[in-house]
Amino acid sequence: MLDFRTEGFQGCAVKYSPFFDNRLAVASSANYALVGNGRVYILELTPNGIVPVKWFTTQDSLYDLAWSELHENQVLTASGDGSIKLFDCTADDFPIMNWREHNREVFSVNWNMVKKDTFCSSSWDGTIRIWSPHRQQSLFTLPTHSCTYSAAFSPHNPDLLSCVTTDSSLRLFDLRTPASASNHLVLQMHIHASPIAQAIPNYPNGEPAYTNAPSEALTHDWNKYRPTVVATGGVDRCIRTFDIRAPQQGPLSRMVGHAFAVKKVAWSPHLPDTLLSASYDMTCRVWNDASNVGDSDPMRSGPVVGTQLGVMDRHTEFVTGVDWCLFGNEGWCASVGYDESVKVWDVRGVMG
């Protein structure tokens, strides 16, 4: 396991470069993202460990980041002052672009992996905005009417965009549809479908997890191999997977094990049934979603129960971000947390 300390700044997000197997970017904030400066680090993995090659300090906290899919040296940041900044590793300390249309904190940014000249942002102001790096004004505004923690383009379709919000909903937008009545909204799925709380048996330490009580959704991710499957996580500590083709059937699977809120989920880029999660319980966990169980029928028997394959508990504070390496043997990943630590580790080393 490799370790790097972001001294004086608590990590909020980490992303591997889509161009280089040894390059990472980390978004961080001073004072636990409550007040003060932010800093984005560009790190490289070397035979001598993790080495910082560049960093940019901002006037406000940074909550998320995304590498450009067009330029190997450029990275987007989501800021607490409502701005989105584009930095170039080869440039000086100032961002090469600065967008400011959101009225509240920007909590996520995501670059379109298929149509690579667009990216999106989501904010506490209840909107998602679609941008081009070549224009100063946004291309679309998609209202969610709820604090939006996470928004992401489908890695399979350039016109599909999803988000999760504080009202416990998973929304799907199709930019090919008319905007007039619905603002491109084609699906709104309530993650907690029933107001009746049901306890999950065999919860750690005997503590019940109430899975159907409305609860804030904090993170989600598209499966890289199954174009209609999305995983969600949030305050209720439960990870769920859904098929957007059949919203009425509810979750495909549930994965339970975290003791506190799930801050980040990320599907493996190598394996279709494996995902990572990061949590406020100071752990990262790797899961199998049980999609390979041939006799399961969610329409008939309810969601299957996924399997926890391993736990990484080397962080000493909230774990806020995790990302998979796209290159080499499957299993390498990076995580960051409020312990001012970036860790690069092999998932296979913690799998039972």
Side-chain angles (χ1 to χ4, degrees), residues 15 18 64-71 74-78 82-86 97 99-104 106-191 217 219-232 241-248 265-267 269:
K15 293 289 173 63
D64 196 21
L65 75 160
W67 284 99
S68 168
E69 293 286 338
L70 290 172
H71 198 296
Q74 294 179 0
V75 63
L76 279 172
T77 60
S83 68
I84 305 161
K85 295 177 172 61
L86 182 65
M97 289 289 285
W99 297 272
R100 187 186 291 270
E101 290 186 18
H102 286 293
N103 299 321
R104 295 285 305 276
V106 181
F107 232 74
S108 78
V109 286
N110 179 261
W111 209 287
N112 195 325
M113 296 174 62
V114 183
K115 189 179 179 182
K116 299 186 177 185
D117 59 350
T118 56
F119 63 90
C120 68
S121 60
S122 69
S123 169
W124 284 10
D125 65 7
T127 66
I128 299 169
R129 295 180 187 267
I130 314 299
W131 309 84
S132 165
H134 309 301
R135 291 184 51 174
Q136 192 62 52
Q137 292 77 34
S138 61
L139 304 175
F140 300 96
T141 298
L142 307 174
T144 63
H145 309 293
S146 185
C147 173
T148 308
Y149 287 108
S150 173
F153 281 103
S154 165
H156 309 277
N157 188 320
D159 296 306
L160 289 181
L161 174 73
S162 59
C163 72
V164 292
T165 54
T166 190
D167 64 358
S168 185
S169 292
L170 170 65
R171 291 175 171 85
L172 182 69
F173 298 89
D174 190 336
L175 302 182
R176 298 165 297 186
T177 62
S180 54
S182 61
N183 290 294
H184 305 290
L185 181 67
V186 294
L187 174 65
Q188 181 171 341
M189 182 188 306
H190 293 288
I191 295 171
T219 179
H220 80 300
D221 192 33
W222 289 86
N223 190 285
K224 308 305 186 292
Y225 293 88
R226 292 175 283 160
T228 62
V229 174
V230 178
T232 67
T241 65
F242 295 90
D243 192 323
I244 61 174
R245 297 171 300 179
Q248 72 283 353
V265 294
W267 286 102

Note: Leu86 and Gln74 closest approach over all heavy atoms is CD2-OE1, 3.6 Å

Going through the checks in order, is the side chain to side chain contact (heavy atoms under 4.5 Å, CB included) test met by Thr127 and Asn103?
CA-CA 9 Å; Thr127 66; Asn103 299 321; over 6 Å; no

Check: Trp99 side chain, Pro133 main-chain N or O, donor-acceptor pair, under 3.5 Å
no

Smallest heavy-atom separation, Lys15 atom then Leu65 atom, equals NZ-O, 2.9 Å

What's the shortest heavy-atom distance between Met189 and Asp243, and which atoms?
CE-O, 4.3 Å

Can you tell me how far apart CG (Leu187) and CG (Leu170) are? Round to the nearest 0.5 Å.
6.5 Å

Quick one, Ile130 with Leu161, criterion side chain to side chain contact (heavy atoms under 4.5 Å, CB included). Give me CA distance, side-chain angles, the key distance, then yes/no.
CA-CA 10 Å; Ile130 314 299; Leu161 174 73; 3.5 Å; yes

Does some side-chain heavy atom of Phe242 sit less than 4.5 Å from a side-chain heavy atom of Pro247?
no

Closest non-hydrogen atom pair between Asn223 and Pro155, with its separation
O-CG, 4.2 Å

For Ser162 and Trp222, which I'm curious about, is there any donor-acceptor pair between the side chains at under 3.5 Å?
yes

Whether the side chain of Thr166 engages the backbone of Ser146 through a donor-acceptor N/O pair (distance < 3.5 Å, no angle test) should be reported.
no

What residues, two or more places apart in sequence or in another chain, satisfy ring pair (Phe, Tyr, Trp, His ring centres under 6.0 Å) together with Trp267?
none

Using the side chain to side chain donor-acceptor pair (under 3.5 Å) rule, take Thr219 and Ser150 through it: C-alpha gap first, then chi angles, then the decisive distance, then the call.
CA-CA 6 Å; Thr219 179; Ser150 173; 4.9 Å; no

Can you give me the closest heavy-atom contact between Ser154 and Val114, atom names plus distance?
O-CG2, 4.2 Å

Side chain to side chain donor-acceptor pair (under 3.5 Å) partners for Glu69, two or more places apart:
none

Rounded distance (nearest 0.5 Å) linking atom OG1 of Thr165 with atom NE2 of His220
10.5 Å

For Ser123 against His102, the heavy-atom pair lying closest together:
CB-ND1, 3.2 Å

Quick one: ring pair (Phe, Tyr, Trp, His ring centres under 6.0 Å) partners of Phe107, sequence neighbours excluded?
Tyr63, Trp124, Tyr149

Aromatic plane relationship, Phe119 with Trp131 - under 30° parallel, 30 to 60° tilted, over 60° perpendicular
parallel

